[in-house]
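Okay, so here's the structure we're looking at.
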Protein chains: 2
Amino acid sequence: MAQPTERLQRYLEDELGECRSEDVERRLDELGTLEAALGKTRVDAELDVLTALGNRTRYTLVRVLVAAGEELCVCELNAVADVTESGLSHALGRLVEAGLLEGRKDGRWKKYRATDRAITLVTVLEGCVDGE
Amino acid sequence: MAQPTERLQRYLEDELGECRSEDVERRLDELGTLEAALGKTRVDAELDVLTALGNRTRYTLVRVLVAAGEELCVCELNAVADVTESGLSHALGRLVEAGLLEGRKDGRWKKYRATDRAITLVTVLEGCVDGE
DNA sequence: ACAACGGTTGAACAGCCGTGCAATTAATTT
DNA sequence: AAATTAATTGCACGGCTGTTCAACCGTTGT
């Protein structure tokens with residue numbers, strides 16, 4: 001949303017053959033609508049999920065929990081994640097916050113399992129990445 | 001992979017009632033297998049995609065291009081992304097590298113469109129996040 | 001050939017993010 | 001009740017990442 005509308009003007013002239021300033025306005029409006037249709041709240045939520053997954057420690061945890069197909073104890077996950085117990089806890093917290101894991105306290109142990117959201121995302125990612 | 005195998009030992013005693021050191025070995029092996037099955041190369045590729053998407057500028061670009069359903073010129077995208085032209089270029093480059101966009105040079109203009117991978121991921125994300 | 005334009009690239013800097021340390025809470029055991 | 005254990009939390013620091021600025025390349029037009 002800077003002022004270089006001139007470039008867009010020239011581009012539209014190239015594409016349409018002709019271009020009045022109202023054409024530029026219209027195009028800008030279309031693009032604005034396209035962007036607005038995303039919805040900031042929604043994008044924020046999706047970004048939260050993406051950034052939660054976009055880290056080796058956290059992604060590995062999710063992947064393992066999905067693969068396990070059952071809940072695992074923190075002390076078990078500790079053997080998987082290459083971080084301090086503290087770091088592990090931070091990671092798990094972030095993932096719960098993003099709705100990718102669910103935690104359950106069982107006596108003095110705490111167990112985590114992957115949510116449907118996590119399962120779906122990991123499965124799709126696995127499917128569409130690396131077919132290459 | 002630290003030395004606190006003792007905690008896992010105690011946990012397994014709790015779970016199984018009884019636990020010999022070979023049980024701990026077995027569990028550690030299971031967890032190791034689970035982790036190894038992920039495949040470092042694959043995880044790396046997936047992380048690359050996730051970190052590429054996990055940024056407001058880049059994710060917005062992908063979202064817009066998917067919603068547009070057609071290729072858009074850099075000068076059009078410039079109206080959408082809230083960054084310098086240079087920043088825009090960096091973002092687009094990163095997305096191409098992650099296999100989320102494809103670029104095509106058309107005369108003096110350059111156009112980008114979303115790949116199938118991007119379409120799939122955005123669609124799924126939109127579907128499983130924020131139904132809440 | 002030169003100038004202008006569209007877009008990219010590399011370097012540099014600011015701000016964020018992941019991790020570890022130390023202290024803390026909650027549950028269990030003695 | 002005190003001590004031990006499992007796990008979390010706040011803080012601080014180092015490193016990574018996103019952005020901008022400036023210089024550059026390729027194409028188009030004169």
Side-chain angles (χ1 to χ4, degrees), chain A residues 1-15 47-48 50-62 71-98 101-112, chain B residues 1-15 47-48 50-62 71-98 101-112:
Chain A
M1 293 197 176
Q3 78 270 35
T5 319
E6 313 117 17
R7 187 184 306 195
L8 183 57
Q9 163 110 18
R10 283 187 289 268
Y11 174 65
L12 291 178
E13 279 169 3
D14 250 35
E15 292 293 298
L47 272 173
D48 193 52
L50 287 169
T51 52
L53 281 178
N55 164 266
R56 166 161 261 107
T57 302
R58 293 191 298 260
Y59 186 62
T60 303
L61 286 170
V62 171
E71 60 185 9
L72 293 180
C73 177
V74 171
C75 66
E76 290 178 299
L77 292 171
N78 212 0
V80 169
D82 208 12
V83 285
T84 311
E85 199 182 335
S86 165
L88 177 59
S89 194
H90 281 297
L92 292 169
R94 179 87 172 71
L95 288 168
V96 167
E97 198 185 10
L101 299 184
E102 276 176 12
R104 176 176 80 86
K105 200 158 189 195
D106 182 19
R108 56 172 164 171
W109 311 97
K110 184 143 184 195
K111 302 178 179 177
Y112 286 89
Chain B
M1 292 196 177
Q3 77 269 36
T5 318
E6 313 117 18
R7 187 183 306 193
L8 182 59
Q9 164 111 18
R10 283 188 289 266
Y11 174 66
L12 291 178
E13 280 169 2
D14 250 34
E15 292 294 297
L47 272 173
D48 194 50
L50 287 168
T51 52
L53 281 178
N55 164 264
R56 177 169 298 276
T57 301
R58 293 191 298 261
Y59 187 62
T60 303
L61 286 169
V62 172
E71 59 184 10
L72 292 180
C73 178
V74 171
C75 66
E76 292 179 298
L77 293 171
N78 212 359
V80 170
D82 208 11
V83 284
T84 311
E85 198 182 336
S86 166
L88 176 59
S89 194
H90 281 296
L92 292 170
R94 178 88 172 71
L95 288 168
V96 168
E97 198 186 10
L101 298 185
E102 275 177 12
R104 175 177 81 88
K105 201 162 189 192
D106 183 18
R108 57 172 162 171
W109 311 98
K110 185 141 183 197
K111 302 177 178 177
Y112 287 89

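Labels below follow one simple rule: chain letters A, B, ... track the order of the sequence lines, proteins then strands, and each chain is numbered from 1.
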Measuring from the side chain of [X] (C-beta onward, heavy atoms only), which nucleotide among [options] has the closest atom?
X       : options               : value
A:Val83 : C:dG18, C:dG20, C:dG6 : C:dG20
A:Glu85 : C:dG6, D:dT8, D:dT20  : D:dT8
A:Cys75 : C:dG20, D:dA7, D:dT20 : D:dA7

5'-most contact on DNA chain C: A:Thr57 or B:Leu88, nearest heavy atom basis?
B:Leu88
Comparing B:Lys110 with A:Asn55, nearest DNA chain C nucleotide closer to 5' gives the residue B:Lys110
State, to 0.1 Å, how close [X] and [Y] come at their nearest heavy-atom pair, and which atoms those are.
X       : Y       : value
B:Ala81 : B:Thr57 : CB-CG2, 4.4 Å
B:Asn78 : B:Val83 : OD1-O, 3.9 Å
A:Arg7  : B:Cys75 : CD-CB, 3.5 Å

Verdict with supporting geometry, B:Asp82 and B:Arg56, side-chain contact (heavy atoms from CB on, under 4.5 Å):
CA-CA 10 Å; B:Asp82 208 11; B:Arg56 177 169 298 276; over 6 Å; no
[X] [atom1] to [N] [atom2], straight-line distance once rounded to whole Å:
X       : N      : atom1 : atom2 : value
A:Leu95 : C:dT19 : CG    : P     : 11 Å
B:Glu97 : D:dG18 : CD    : P     : 12 Å
B:Asn78 : D:dT19 : CG    : C1'   : 14 Å
B:Arg56 : D:dT17 : CZ    : C1'   : 16 Å
A:Arg94 : C:dT19 : CZ    : P     : 12 Å
A:Leu61 : D:dA7  : CG    : P     : 13 Å
B:Leu53 : D:dG18 : CG    : P     : 12 Å
A:Glu6  : C:dA4  : CD    : P     : 15 Å

Has [X] got a side-chain N or O lying under 4.0 Å from the OP1 or OP2 atom of [N]?
X        : N      : value
B:Arg7   : D:dA7  : yes
B:Ser86  : C:dT8  : no
B:Arg58  : D:dG18 : yes
B:Tyr59  : D:dG18 : no
B:Tyr112 : C:dT8  : yes

Which of A:Asp48, A:Leu61, A:Val62 passes side chain to side chain contact (heavy atoms under 4.5 Å, CB included) with A:Leu53? It is A:Val62
Under a 4.5 Å cut-off applied to non-hydrogen side-chain atoms, are B:Arg10 and A:Trp109 in contact?
yes
Ignoring hydrogens and angles, are the base of C:dG7 and the side chain of B:His90 linked by a donor-acceptor pair under 3.5 Å?
no
Between B:Tyr11 and A:Gly93, which has a closest nucleotide on DNA chain D that is more 5'?
B:Tyr11
For nucleotides 23-30 of chain C, 5' to 3', base contacts (B), sugar-phosphate-only contacts (S) and non-contacts (-) with protein non-hydrogen atoms under 4.0 Å give ---SSS--
Exam field: side chain A:Ser89 to backbone A:Glu85, donor-acceptor pair closer than 3.5 Å
no
Reported CD-to-CG distance for the pair A:Glu102 and A:Leu95, which is rounded to 0.5 angstrom:
12.5 Å
